[in-house]
Amino acid sequence: DFEFDESPIEQNCNCYTCQHHGKHYLRHLYKSSELVSNSLLTIHNLHFFARFMEDIRTAIIEQRFRQFSEDWLANYRSKVS
């Protein structure tokens, strides 16, 4: 639960949402059924996926996609376990 968590959704993210709002505020907006919560979360999600795809393209060009994907999945698994 993020009721008192003032940190951004993602620490090193430079999207508008992460730069200006903490998890506690986003939680409040969502729980209050404020439509702006959908916009703020969409801003973050689109930024995340744009950055992710850019990283994938770079890894492919540099012929290191296998290592990139293994590292990304290991990092993801460590966060969700």
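Throughout, residue positions are numbered sequentially from 1 according to the sequence presented. Just so it is clear, the structure is predicted and the values come from calculations on it, not from any experiment.
The backbone N or O of Ile43 sits nowhere less than 3.5 Å from a side-chain atom of Thr17 that would complete a donor-acceptor pair.
Partners of Asn75 according to the side-chain hydrogen bond (donor to acceptor under 3.5 Å, both in side chains) rule, which considers only residues two or more places apart in sequence or in another chain, do not exist here. Partners of Asp1 under the side-chain hydrogen bond (donor to acceptor under 3.5 Å, both in side chains) rule, at least two apart in sequence or in another chain, are Arg27. For Glu6, there are no side-chain hydrogen bond (donor to acceptor under 3.5 Å, both in side chains) partners, not counting sequence neighbours. Qualifying side-chain contact (heavy atoms from CB on, under 4.5 Å) partners for Gln63, counting only residues two or more places apart in sequence or in other chains: none.
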N/O donor to acceptor pairs below 3.5 angstrom from side-chain atoms of residues 44-58, sequence neighbours left out:
| unit_1 | atom_1 | unit_2 | atom_2 | d |
| --- | --- | --- | --- | --- |
| Asn45 | ND2 | Leu41 | O | 3.4 |
| His47 | ND1 | Arg51 | NH1 | 3.4 |
| His47 | NE2 | Asn14 | OD1 | 2.9 |
| Arg51 | NH2 | Glu10 | OE1 | 3.2 |
| Arg51 | NH2 | Glu10 | OE2 | 2.7 |
| Thr58 | OG1 | Glu54 | O | 3.0 |

Name the atoms and distances for all side-chain donor-acceptor pairs under 3.5 Å in residues 30-39, with sequence neighbours left out.
| unit_1 | atom_1 | unit_2 | atom_2 | d |
| --- | --- | --- | --- | --- |
| Ser32 | OG | His28 | O | 2.8 |
| Ser37 | OG | Glu34 | O | 2.8 |

Hey, can you pull the donor-acceptor pairs under 3.5 Å for the side chains in residues 66-73, sequence neighbours left out?
| unit_1 | atom_1 | unit_2 | atom_2 | d |
| --- | --- | --- | --- | --- |
| Gln67 | NE2 | Asp71 | OD1 | 2.7 |
| Gln67 | NE2 | Asp71 | OD2 | 3.4 |
| Ser69 | OG | Phe65 | O | 3.2 |
| Ser69 | OG | Arg66 | O | 2.9 |

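Leu29 and Phe2 are members of different hydrophobic clusters when ILVMFWY side chains are connected at heavy-atom separations under 4.5 Å.
We find the SG-CD1 distance between Cys15 and Ile9 to be 6.5 Å, quoted to the nearest 0.5 Å.
Residue Tyr16 comes nearest to His21 through the heavy atom pair CE2-NE2, 3.8 Å, listed as atom of the first residue, atom of the second, then distance.
Side-chain contact between Ser7 and Lys23 is present, with heavy atoms from C-beta onward closer than 4.5 Å.
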